[in-house]
Protein chains: 2
Amino acid sequence: MNEPRYQRRKEDRPQEIAEAAFEAFAENGYSGTRVEDVARRAGVSKGLTYLYFKTKEELFKAVIRNVVTRRVDALIRIVEETDLPSEDFVRGPMLDFMKTIPDSRVRIVIRLLLEEGPRHPDLVDYYYENVVCRGLAAIRRFVERGIERGEFRPTAINDLPQLFLAPVMLSVVWKILFAKHPLDTDRLIETHVEMLLDHFRARPE
Amino acid sequence: MNEPRYQRRKEDRPQEIAEAAFEAFAENGYSGTRVEDVARRAGVSKGLTYLYFKTKEELFKAVIRNVVTRRVDALIRIVEETDLPSEDFVRGPMLDFMKTIPDSRVRIVIRLLLEEGPRHPDLVDYYYENVVCRGLAAIRRFVERGIERGEFRPTAINDLPQLFLAPVMLSVVWKILFAKHPLDTDRLIETHVEMLLDHFRARPE
DNA sequence: ATCCTTGCTGACTCTCTGGTCAGTAACTAT
DNA sequence: ATAGTTACTGACCAGAGAGTCAGCAAGGAT
């Protein structure tokens with residue numbers, strides 16, 4: 001009646017460990033998480049972690065890359081494929097997308113990047129090129145298309161796609177720091193979007 | 001010809017050590033800074049640091065409090081004392097104030113709070129009450145005054161003073177992470193302010 | 001049943017750093 | 001001068017946690 005003490009599951013381990021690491025990092029930050037915590041959470045020994053990830057830093061980078069890759073693609077796809085009028089698109093799919101970010105894994109990733117980024121320039125570069133740049137480029141193309149179609153007037157926002165994301169960023173930071181003082185981030189983002197649209201409609205004086 | 005190896009300067013030491021600590025934390029973050037680094041930078045021995053600050057954590061908190069207290073007072077004062085029309089005030093003193101933040105010590109404080117905040121709830125509370133709340137309250141009063149005077153129309157921004165600060169926050173985060181990819185934060189903030197004013201003027205449809 | 005490969009364990013080492021404290025020397029008072 | 005006070009030093013300690021590795025046992029091959 002002696003059950004096996006462990007199973008060999010070479011294929012699944014890396015993913016499981018990375019998942020456990022994400023959770024642990026999310027709760028305690030990078031430097032506040034011990035590799036042994038990650039291992040215990042994944043139900044393995046500390047040694048095994050080091051079989052699949054050379055160092056704690058490697059593990060960290062793998063976790064970030066793992067999480068990040070998907071979500072931007074989603075944004076880019078909905079931007080490229082839509083045939084809605086620009087205003088409707090902003091009020092619809094784009095707004096929905098923006099509202100999901102502050103409660104998604106992206107928030108955790110940003111928190112972790114802010115904590116550890118300065119010590120891992122290559123990781124920040126990776127994030128910049130694969131997420132930030134591509135996301136901003138998609139927004140910029142969307143605005144340009146709106147202008148070509150005559151749905152938007154040309155404004156300074158053309159060069160500043162970051163303006164779309166400003167309230168999202170604020171919401172993320174707020175939720176990291178002031179979780180116990182609730183902020184209606186949905187309403188914040190909605191209002192910001194209305195402002196953007198006002199601005200695209202407004203006559204220069 | 002033997003010069004004294006050190007001077008006794010009881011009065012100045014705490015401030016000097018706190019200043020050195022701020023610089024060291026700014027460069028390497030909290031956990032990346034050794035107490036000995038701080039001491040060397042301040043030109044004292046490690047032991048002395050512990051004479052004036054009980055623990056590294058105490059030192060950290062003292063540094064944050066030290067930096068933070070002044071700047072909000074400045075904002076509140078200019079808001080309360082101005083007699084400019086609301087639009088002029090926003091385009092003038094308030095805009096100037098907002099533009100200074102991403103390159104000020106506030107940026108460093110936010111970076112440090114994001115790194116260590118989750119492990120020091122009391123420090124976050126202090127920051128929230130003494131900086132965030134008071135700053136937001138000042139903005140809210142300003143908007144209400146504008147509405148009373150008939151210079152602004154009532155909008156959702158009334159309850160969301162955070163919207164004023166969204167691009168400032170984004171600028172801060174951008175400068176923490178992507179220092180090597182310059183962003184024209186002045187222009188970002190100016191454009192955002194123009195959007196805000198458009199919105200206060202716009203007719204509901 | 002038995003061997004063999006290798007996924008996996010857990011106790012170990014080693015470094016790093018926060019924190020201590022006995023002793024030293026700078027200033028003061030006489 | 002000299003003695004007394006205490007700001008200051010620097011060598012030390014202790015704990016924590018990253019990373020290692022010899023050996024064990026799970027599961028497949030024969």
Side-chain angles (χ1 to χ4, degrees), chain A residues 1-25 27-64 112 115-116 118-120 123, chain B residues 1-25 27-64 112 115-116 118-120 123:
Chain A
M1 185 116 272
N2 49 353
E3 304 182 350
R5 297 205 314 212
Y6 58 84
Q7 295 181 336
R8 307 174 130 204
R9 303 215 323 282
K10 187 182 177 172
E11 308 302 323
D12 305 331
R13 294 299 192 195
Q15 183 58 37
E16 289 175 16
I17 292 170
E19 187 62 28
F22 178 81
E23 289 167 20
F25 290 152
E27 276 177 31
N28 303 108
Y30 176 75
S31 61
T33 299
R34 279 162 301 176
V35 174
E36 212 190 311
D37 295 338
V38 173
R40 191 167 17 239
R41 206 183 270 257
V44 300
S45 70
K46 190 167 100 171
L48 193 65
T49 307
Y50 282 95
L51 195 66
Y52 295 114
F53 301 94
K54 243 182 132 162
T55 64
K56 187 185 179 187
E57 191 181 316
E58 279 306 312
L59 174 60
F60 179 65
K61 292 181 181 178
V63 166
I64 299 287
L112 291 170
E115 180 188 350
E116 279 300 302
R119 257 172 291 180
H120 306 288
L123 187 59
Chain B
M1 184 116 273
N2 49 354
E3 303 181 350
R5 298 204 315 211
Y6 58 83
Q7 294 181 336
R8 305 173 131 206
R9 301 215 323 281
K10 188 181 176 172
E11 307 303 323
D12 305 332
R13 295 298 192 196
Q15 182 57 39
E16 289 175 16
I17 292 170
E19 187 61 27
F22 178 81
E23 290 168 19
F25 290 152
E27 278 177 30
N28 304 108
Y30 176 75
S31 61
T33 300
R34 279 162 300 177
V35 175
E36 213 190 310
D37 296 339
V38 173
R40 193 166 16 239
R41 208 184 268 257
V44 299
S45 70
K46 190 168 97 170
L48 192 65
T49 307
Y50 282 95
L51 195 66
Y52 294 113
F53 301 94
K54 244 182 131 164
T55 64
K56 187 186 179 187
E57 192 181 318
E58 278 306 312
L59 174 59
F60 179 65
K61 291 181 180 176
V63 166
I64 299 286
L112 290 171
E115 180 188 350
E116 278 301 302
R119 257 172 291 179
H120 305 287
L123 186 59

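Being a predicted model, the structure only gives us computed values, none of them experimental. Just the heavy atoms: all of them, side chains too, but no hydrogens, waters or symmetry mates, feed the values below. Here is how names work: the chains are called A, B, and so on, in the same order as the sequence lines, proteins then strands, and each is numbered from 1.
- In the set C:dA25, D:dA25, D:dG27, the nucleotide with an atom closest to the side chain of B:R8 is C:dA25.
- Expressed to the nearest 0.5 Å, how far CZ of B:R13 lies from CD of B:Q7 amounts to 7.5 Å.
- Across the protein-nucleic acid pair, A:F53 atom CZ and D:dT20 atom P stand 15 Å apart, rounded to whole Å.
- When each of D:dG17, C:dA25, C:dC8 is scored by its nearest atom to the side-chain atoms of B:Y6, the top-ranked nucleotide is C:dA25.
- Residue B:R13 places at least one side-chain N or O closer than 4.0 Å to OP1 or OP2 of D:dC8.
- Using a 4.0 Å heavy-atom cutoff across all strands shown, B:S31 reaches no nucleic acid atom at all.
- Residue contacts shown for A:Y52 are limited to sugar-phosphate atoms, with no base heavy atom under 4.0 Å away.
- Distance B:E36 CD to C:dT20 C1': 14 Å, rounded to the nearest Å.
- Per the geometry, NZ belonging to A:K56 stands 14 Å off C1' belonging to C:dC16, to the nearest Å.
- One can place CD of B:Q7 at 10 Å from P of D:dC8, the figure rounded to the nearest angstrom.
- For the pair B:G47 and A:K46, both in contact range of DNA chain C, the more 5′-proximal nearest nucleotide belongs to A:K46.
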Exercise. Would B:F53 and B:V35 count as a side chain to side chain contact (heavy atoms under 4.5 Å, CB included) if you check the C-alpha gap in whole Å, the side-chain angles of each, and the deciding distance to 0.1 Å?
Worked result: CA-CA 11 Å; B:F53 301 94; B:V35 175; over 6 Å; no

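- Residue A:T49 is classed as having no contact, given no heavy-atom separation below 4.0 Å to the nucleic acid.
- Looking at the side chain of B:R34, the nearest of the listed nucleotides D:dG19, C:dC8, C:dT17 is C:dT17.
- Here the CD atom belonging to B:E58 is positioned 13.5 Å from the OG1 atom belonging to B:T49, to the nearest 0.5 angstrom.
- Here A:L112 contributes atom CG and B:E115 contributes atom CD; the two are 11.5 Å apart, rounded to the nearest 0.5 Å.
- Side-chain atoms of B:V44 lie closest to D:dT9 of the nucleotides D:dC8, D:dT9, D:dC24.
- Between the CG atom of A:N28 and the P atom of D:dG17 there is a distance of 11 Å, rounded to whole Å.
- In this structure, CG of A:L51 is placed 15 Å from P of D:dA22, rounded to the nearest angstrom.
- Comparing C:dG19, D:dT9, D:dA25 by their closest approach to the side chain of B:T55 singles out C:dG19.
- Per the geometry, OH belonging to B:Y50 stands 10 Å off C1' belonging to C:dT20, to the nearest Å.
- The side chain of A:S45 lies closest to C:dT9, out of D:dC8, C:dT9, C:dA25.
- Expressed to the nearest 0.5 Å, how far OG of B:S45 lies from CZ of B:R40 amounts to 11.5 Å.
- One interatomic measurement links the two molecules: CD of B:E58 to C1' of C:dG19, which rounds to 14 Å at whole-angstrom precision.
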